[in-house]
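This one's a predicted model, so the numbers in the text were calculated from it and none came from an experiment. The chain is numbered in sequence order, starting from 1.
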Amino acid sequence: QVQLVESGGGLVQAGGSLRLSCAASGRTFSSYAMGWFRQAPGKEREFVAAISWSGGSTYYTDSVKGRFSISRDNAKNTVYLQMVSLKPEDTAVYYCAADYSPGTVRANMRRIAAAAYEYWGQGTQVTVSS
């Protein structure tokens, strides 16, 4: 069982930056691949970024490449999403999620699928004003 708690959301002007954190409970955090998803009002939840259990492999949706960076600190049971050059279209509730995958790097087709993740946080709101 893994519990995830996101933090770091807020209101920022276009062009600004935020760093989201996702703290995980439990002693097996390093066995999980982690992902960030987001959901804007009236839209479906969409994949943003993913990182493998070791942090050695990352993957991003095209719209955030070069602006967002996912990282993790397994000693702190935390995954991060650094967001720069934020745009109004980045406004959404951001969720972190965990996929049990010890020693495995998931295929990208699996990483982008919300159904592949067993555990989810409650979300943190990011609002980017124009």
Side-chain angles (χ1 to χ4, degrees):
Q1 193 82 3
V2 175
Q3 292 186 328
L4 304 173
V5 179
E6 301 97 334
S7 62
L11 173 64
V12 64
Q13 290 187 332
S17 302
L18 283 174
R19 188 176 81 155
L20 305 183
S21 299
C22 173
S25 66
R27 293 177 290 180
T28 61
F29 177 69
S30 61
S31 296
Y32 289 82
M34 301 297 295
W36 285 96
F37 289 75
R38 65 186 180 187
Q39 187 166 19
K43 295 188 177 181
E44 293 186 354
R45 189 170 299 191
E46 66 170 351
F47 169 79
V48 176
I51 189 166
S52 62
W53 65 277
S54 67
S57 176
T58 58
Y59 188 66
Y60 301 89
T61 192
D62 286 346
S63 63
V64 308
K65 284 181 181 176
R67 299 189 299 121
F68 291 12
S69 177
I70 188 171
S71 62
R72 66 189 297 161
D73 185 338
N74 285 346
K76 295 183 178 180
N77 282 12
T78 303
V79 63
Y80 305 97
L81 186 67
Q82 178 69 51
M83 306 184 294
V84 302
S85 301
L86 282 161
K87 304 176 181 180
E89 51 264 43
D90 295 318
T91 295
V93 177
Y94 283 70
Y95 300 89
C96 69
D99 171 22
Y100 185 70
S101 56
T104 301
V105 178
R106 297 295 197 192
N108 290 335
M109 288 298 293
R110 178 182 173 107
R111 287 171 147 180
I112 67 174
Y117 295 82
E118 295 94 341
Y119 302 102
W120 291 82
Q122 83 291 347
T124 185
Q125 176 71 47
V126 172
T127 303
V128 184
S129 63
S130 58

For residues 39-49, which side-chain donor-acceptor pairs fall under 3.5 Å, sequence neighbours excluded?
residue: Gln39; atom: NE2; partner: Lys43; partner atom: O; Å: 3.1
residue: Glu46; atom: OE2; partner: Arg38; partner atom: NE; Å: 2.6
residue: Glu46; atom: OE2; partner: Arg38; partner atom: NH2; Å: 3.2

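- Annotation: side chain of Val2 is not in contact with side chain of Phe29 (no heavy-atom distance under 4.5 Å).
- The two residues Val105 and Ser52 have their closest heavy-atom pair at CG2-CB, 4.2 Å.
- Minimum heavy-atom separation, Thr78 to Ala23: OG1-CA, 4.2 Å.
- Residues in residues 9-120 take part in these disulfide bond (SG atoms under 2.5 Å apart) pairs, two or more places apart or across chains: Cys22-Cys96.
- Between Phe37 and Trp120, the distance from one ring center to the other falls under 6.0 angstrom.
- Val93 is not connected to Val64 by any chain of hydrophobic side-chain contacts under 4.5 Å among Ile, Leu, Val, Met, Phe, Trp and Tyr, and they are in different clusters.
- Under the 4.5 Å side-chain heavy-atom criterion for Ile, Leu, Val, Met, Phe, Trp and Tyr, Ile112 and Val79 are members of distinct hydrophobic clusters.
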task = Evaluate the criterion side chain to side chain contact (heavy atoms under 4.5 Å, CB included) for residue pair Leu81 and Tyr94; output intermediate values, then yes/no.
result = CA-CA 10 Å; Leu81 186 67; Tyr94 283 70; 4.1 Å; yes

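- No side-chain heavy atom of Leu86 sits less than 4.5 Å from a side-chain heavy atom of Gln13.
- Side-chain atoms of Thr124 come within 3.5 Å of backbone N or O of Gly9 as a donor-acceptor pair.
- Proximity of a side-chain donor or acceptor of Ser25 to a complementary backbone N or O of Gln3 within less than 3.5 Å is detected.
- For the side-chain hydrogen bond (donor to acceptor under 3.5 Å, both in side chains) test, no residue two or more places apart in sequence or in another chain qualifies with Arg19.
- Every residue meeting the side chain to side chain contact (heavy atoms under 4.5 Å, CB included) condition with Ser30, not counting sequence neighbours, appears here in chain and number order: Asn74.
- No single ILVMFWY cluster, assembled from side-chain heavy atoms under 4.5 Å apart, contains both Tyr117 and Ile70.
- The closest side-chain heavy-atom distance from Leu20 to Val126 is below 4.5 Å.
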request  = Decide side chain to side chain contact (heavy atoms under 4.5 Å, CB included) for Tyr95 and Gln122; before the verdict, give the C-alpha distance in whole Å, the side-chain angles of both, and the deciding distance to 0.1 Å.
outcome  = CA-CA 7 Å; Tyr95 300 89; Gln122 83 291 347; over 6 Å; no

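- With a 4.5 Å cut-off on side-chain heavy atoms, Asp99 and Tyr32 do not count as touching.
- Heavy atoms of other residues, nucleotides or ligands lying less than 6.0 angstrom from OH of Tyr119 number more than 12.
- Donor-acceptor pairing under 3.5 Å is lacking for the side chains of Glu89 and Thr91.
- Looking at Gln82 and Ser71, their side chains never come closer than 4.5 Å, going by heavy atoms from C-beta outward.
- In this structure, Ser130 and Pro88 approach most closely via the heavy-atom pair CB-CG, 3.8 Å.
- Pairs engaging residues 67-87 under the salt bridge (charged side-chain N to carboxylate O under 4.0 Å, His left out) rule: Arg67-Asp90 [sequence neighbours left out].
- Once rounded to the nearest 0.5 Å, the distance linking CE of Met34 with CG of Asn77 reads 9.5 Å.
- Taking CZ from Arg106 and CD1 from Ile51, the interatomic distance works out to 15.5 Å, rounded to the nearest 0.5 Å.
- Under the side chain to side chain donor-acceptor pair (under 3.5 Å) criterion, the residue pairs touching residues 53-62 are Ser57-Arg111, Asp62-Lys65, with sequence neighbours excluded.
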